[in-house]
Chemist: 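Here it is, the structure, as structure tokens.
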Amino acid sequence: MRTVWVLGDQLSRTLGALGESTPSDTRVLLVTSRAKVTHRPWHRQRLHLYLTAMARLGEELRAEGFEVHEVNAADFRSGLAEHVAQFEPTEVVATEPNSAAARALLTDLGVRFVRSDQFLCHADEFAHWAATRPGRLRMEDFYRWQRVRLGVLVDAAGQPEGGRWNLDAENREPPPKDGRTWPEVALAELDEIDERVLRSLPDSATGSDPIGWWPTCRADAIKRLEQFIAEGLPRFGPHEDAMLASEWKLAHSVLSSSLNLGLLHPQEVVDAAVAAYESGTAELASVEGFIRQIIGWREYVWGLRWLWGDDWLSWNELEAHRNLPPALTGAGTEMACVANVVAKVDSHAYAHHIERLMVLGNLCLLAGVAPQQLVDWMWEQFIDGAEWVMQPNVVGMSLHADGGRMATKPYAAGGAYLSRMSDHCKGCRYNPKLRTGPDACPFTTLYWDFIARHEERFAPNHRMGNQLGTMRRLKDLPEVRARAQEVLTLLDSGHL
Ligand SMILES: Cc1cc2nc3c(=O)[nH]c(=O)nc-3n(C[C@H](O)[C@H](O)[C@H](O)COP(=O)(O)OP(=O)(O)OC[C@H]3O[C@@H](n4cnc5c(N)ncnc54)[C@H](O)[C@@H]3O)c2cc1C
Ligand code: SF4
């Protein structure tokens with residue numbers, strides 16, 4: 001009998017190798033590697049999610065009649081060796097893994113791969129698309145290509161529903177001031193599997209314990225999807241970019257961990273969103289905005305990860321070498337926006353997209369933090385962290401370390417942007433309008449210093465013309481730059 005080795009981020013009965021298996025021809029192997037569990041200070045909710053979801057898939061497969069071998073081994077290599085010694089499978093098969101490290105290891109161990117259908121656009125298809133594009137690989141072009149080839153919100157002539165491909169202009173509103181409530185997230189009750197896993201977590205794990213936010217099985221992931229489609233999707237669009245101190249997700253879907261683990265497939269998520277539009281329960285602006293995240297951004301990032309391969313790891317175009325600020329790793333900070341988002345990461349292993357990009361990423365971009373340090377921290381702390389998603393989002397989109405391959409200009413902003421798009425500044429001891437002096441907002445000070453620091457580099461980029469022009473007209477630029485040095489010293493020492 002053959003063995004299908006199911007990896008922890010491919011927990012789907014219908015995916016790849018497992019999808020083509022039956023209990024009569026296949027035994028299932030699930031390996032927990034103690035080395036993997038302990039080699040980084042993972043967030044407790046992240047470890048809990050992976051280990052619990054693997055255990056639950058094992059139970060489901062047993063209920064279907066599969067023989068399931070769950071191995072807790074020193075590492076993956078010895079886990080497979082233990083399995084082979086016990087069962088002597090005719091061959092060991094796996095779905096093409098999602099990380100380069102797993103691909104290399106399983107190849108070395110002689111495991112045969114079945115092509116993955118976990119994404120709607122396989123890396124090979126993305127490479128074909130990219131080969132037809134001279135110049136920049138724009139997400140918007142990829143997204144339109146996906147819409148047409150997948151037949152999502154397009155008519156028979158391949159034209160977009162509603163006449164426009166992108167309704168983002170309607171989706172950039174600041175936080176509402178009406179004190180509204182946001183969609184709820186139903187909590188799953190923790191059972192004895194959760195408790196067993198929690199007891200087994202290593203001392204190296206960080207962050208708060210889970211209370212049922214993150215679905216650990218397909219049934220709960222489907223419930224989460226249904227709840228989002230009914231209550232969250234109609235409100236998804238307009239305040240997508242807004243940030244509120246009192247709200248951890250606003251109308252965001254919190255579906256990323258379920259998608260990344262394979263508990264949900266992107267096709268069913270898209271189908272559910274389109275059905276909501278067709279039945280009139282959600283407006284086109286919200287549905288289009290959400291679908292763009294799923295078949296656009298998510299698949300674009302996946303494709304770019306493989307297209308540019310391991311090159312990502314060495315990119316550091318802005319020559320950023322600063323260590324990760326202690327403000328992110330528990331030192332505390334008086335920057336209200338940072339303190340608030342870091343607290344959410346601790347409590348939920350989550351921050352929404354704009355908090356990741358414009359608070360955490362922006363701070364590291366402006367300060368010049370080494371890309372791989374932010375990659376490592378986010379990978380460890382976010383519930384949905386994965387190698388394929390970190391490199392493009394952190395190295396590319398957030399830190400501009402890819403030299404503009406993904407984004408034509410850096411996602412850099414000072415306190416004015418954060419003050420407009422959030423309510424953090426009201427409770428902050430710093431003033432977003434000031435760029436010098438002890439009360440100046442560190443984001444505002446560092447923003448102008450960042451533009452001045454990279455003046456030569458940004459000069460040929462016409463999209464940076466306005467920022468460079470304004471920076472050159474600042475009469476107090478020397479004072480701003482002097483204050484920036486003080487801010488960076490305070491940031492490094494954890495006293496900002
Ligand atoms: C600095 C930075 C780090 C990030 N780290 C991760 C990460 O570790 N894991 C991760 O899955 N996403 C990451 N993202 C992308 C995005 O922020 C998250 O997918 C999203 O916030 C997850 O929350 P949600 O499910 O509520 O998303 P929603 O806002 O509801 O969006 C719906 C879905 O779209 C997908 N999506 C949207 N944008 C992206 C994107 N840029 N890349 C990949 N998928 C996207 C996700 O699957 C998400 O669940 C990162 C973005 C930035 C800027
Ligand atoms: S004033 Fe600056 S540091 Fe304080 S919350 Fe606003 S943006 Fe953040």
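Both ligands and their constituent atoms are indexed starting at 1 by order of listing. Heads up: numbering here begins at 1 and tracks the sequence.
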Chemist: What's the shortest distance from atom 21 (O) of ligand 1 to any protein heavy atom, and which residue and atom give it?
Modeler: H353 N, 3.4 Å
Chemist: So which protein heavy atom does atom 13 (C) of ligand 1 come closest to, and at what separation?
Modeler: R356 NH1, 3.3 Å
Chemist: May I have all residue pairs that pass salt bridge (charged side-chain N to carboxylate O under 4.0 Å, His left out) and include part of residues 482-496, sequence neighbours excluded?
Modeler: R322-D492, R483-E486
Chemist: What about F290: any of its N or O atoms under 3.5 Å from an N or O on ligand 1?
Modeler: no
Chemist: Within a distance under 4.0 Å of any heavy atom of Y350, pick out the atoms of ligand 1 and give their elements.
Modeler: 23 (O), 24 (P), 26 (O)
Chemist: Strictly below 4.0 Å, N to O, side chains only: are D124 and R115 in salt-bridge contact?
Modeler: yes
Chemist: Quick one: look at W379 and ligand 1, take heavy-atom pairs under 4.0 Å, and tell me if it's side chain, backbone, both or neither.
Modeler: neither
Chemist: Tell me if the aromatic rings of Y350 and W214 count as close, with their centers under 6.0 Å from one another.
Modeler: yes
Chemist: What is the nearest protein non-hydrogen atom to atom 33 (C) of ligand 1, stated with its residue, atom name and distance?
Modeler: I294 CD1, 3.5 Å
Chemist: Quick check, are the ring centers of F236 and H252 under 6.0 angstrom apart?
Modeler: yes
Chemist: Looking at L259, which atoms of ligand 1 are within less than 4.0 Å of one of its heavy atoms?
Modeler: 47 (O)
Chemist: Give the residue, atom name and distance (to 0.1 Å) of the protein heavy atom nearest atom 50 (C) of ligand 1.
Modeler: N393 CG, 3.6 Å
Chemist: Counting each atom of ligand 1 from 1 as listed, which ones have a heavy atom of G385 under 4.0 Å away?
Modeler: 8 (O)
Chemist: When only distance counts, is S398 in polar contact with ligand 1, meaning an N/O pair under 3.5 Å?
Modeler: no
Chemist: Ignoring hydrogens, just give me the one of M397, R298, R46 whose non-hydrogen atom is nearest atom 47 (O) of ligand 1.
Modeler: R298
Chemist: Does F236 have a heavy atom less than 4.0 Å from any atom of ligand 1?
Modeler: yes
Chemist: Within 45° of the axis and under 6.0 Å from the centre of the six-membered ring of W302, does NZ or CZ of R298 qualify?
Modeler: no
Chemist: Is E319 paired with R457 through a side-chain N to carboxylate O contact shorter than 4.0 Å?
Modeler: yes
Chemist: Looking at F382, is R356 sitting on its ring face, NZ or CZ under 6.0 Å from the six-membered ring centre and within 45 degrees of the normal?
Modeler: yes
Chemist: Students should be able to answer this: which protein heavy-atom is nearest to atom 36 (N) of ligand 1, and at what distance?
Modeler: Q293 O, 3.7 Å
Chemist: Taking the six-membered ring of W315 as reference, does the cationic atom of R405 (NZ for Lys, CZ for Arg) lie under 6.0 Å from its centre and within 45° of its axis?
Modeler: yes
Chemist: Using only heavy-atom distances, determine whether the side chains of Q372 and Q391 contain a donor-acceptor pair under 3.5 Å.
Modeler: yes
Chemist: Using a 4.0 Å cut-off to any heavy atom of M378, which atoms of ligand 1 qualify?
Modeler: 1 (C), 3 (C)
Chemist: Can you pull the side-chain hydrogen bond (donor to acceptor under 3.5 Å, both in side chains) pairs that have at least one residue in residues 326-336, sequence neighbours excluded?
Modeler: E334-R429
Chemist: Is it true that W306 and F126 have ring centroids separated by less than 6.0 Å?
Modeler: no
Chemist: Tell me whether F382 has any N or O atom under 3.5 angstrom from an N or O of ligand 1.
Modeler: no
Chemist: For residues E140 and N166, is any side-chain donor paired with an opposing acceptor at under 3.5 Å?
Modeler: yes
Chemist: Please work out whether any backbone atom (N, CA, C, O) or any side-chain heavy atom from C-beta onward of L374 is under 4.0 Å from ligand 1, and answer side chain, backbone, both or neither.
Modeler: neither
Chemist: Around atom 8 (Fe) of ligand 2, list the protein N/O/S atoms within a radius below 2.8 Å, excluding water molecules.
Modeler: C337 SG
Chemist: Closest non-hydrogen protein atom to atom 29 (O) of ligand 1, residue and atom name please, with distance?
Modeler: H252 ND1, 2.6 Å
Chemist: Applying salt bridge (charged side-chain N to carboxylate O under 4.0 Å, His left out) as the test, list every pair that has at least one member in residues 374-383; sequence neighbours left out.
Modeler: R40-D376, R40-E380
Chemist: Mind checking whether M390 contacts ligand 1 via backbone (N, CA, C, O), side chain (CB onward), both or neither, at a 4.0 Å heavy-atom cut-off?
Modeler: side chain
Chemist: Centre-to-centre under 6.0 Å for F290 and F228, is that the case here?
Modeler: yes
Chemist: Using a strict threshold of under 4.0 Å (side-chain N to carboxylate O), is an ion pair present between K249 and E247?
Modeler: yes
Chemist: Considering heavy atoms of the protein only, find what lies nearest to atom 11 (O) of ligand 1 and give residue, atom and distance to 0.1 Å.
Modeler: N260 ND2, 2.9 Å
Chemist: With a 4.0 Å heavy-atom cut-off (strictly under), which part of K249 contacts ligand 1: side chain, backbone, both or neither?
Modeler: neither
Chemist: Answer with side chain, backbone, both or neither: which part of V389 has a heavy atom less than 4.0 angstrom from an atom of ligand 1?
Modeler: side chain
Chemist: In the protein, what heavy atom is nearest to atom 27 (O) of ligand 1, and what distance, to one decimal place, separates them?
Modeler: S253 OG, 3.9 Å
Chemist: Using a distance-only test with no angle check, is there a side-chain donor-acceptor pair under 3.5 angstrom linking D346 and S208?
Modeler: yes
Chemist: Check whether any side-chain heavy atom of H43 lies under 4.5 Å from a side-chain heavy atom of W379, and answer yes or no.
Modeler: no
Chemist: Only heavy atoms of V301, strictly under 4.0 Å: list the atoms of ligand 1 that pass.
Modeler: 42 (N)
Chemist: Do any N/O atoms on H352 end up under 3.5 angstrom from N/O atoms on ligand 1?
Modeler: no
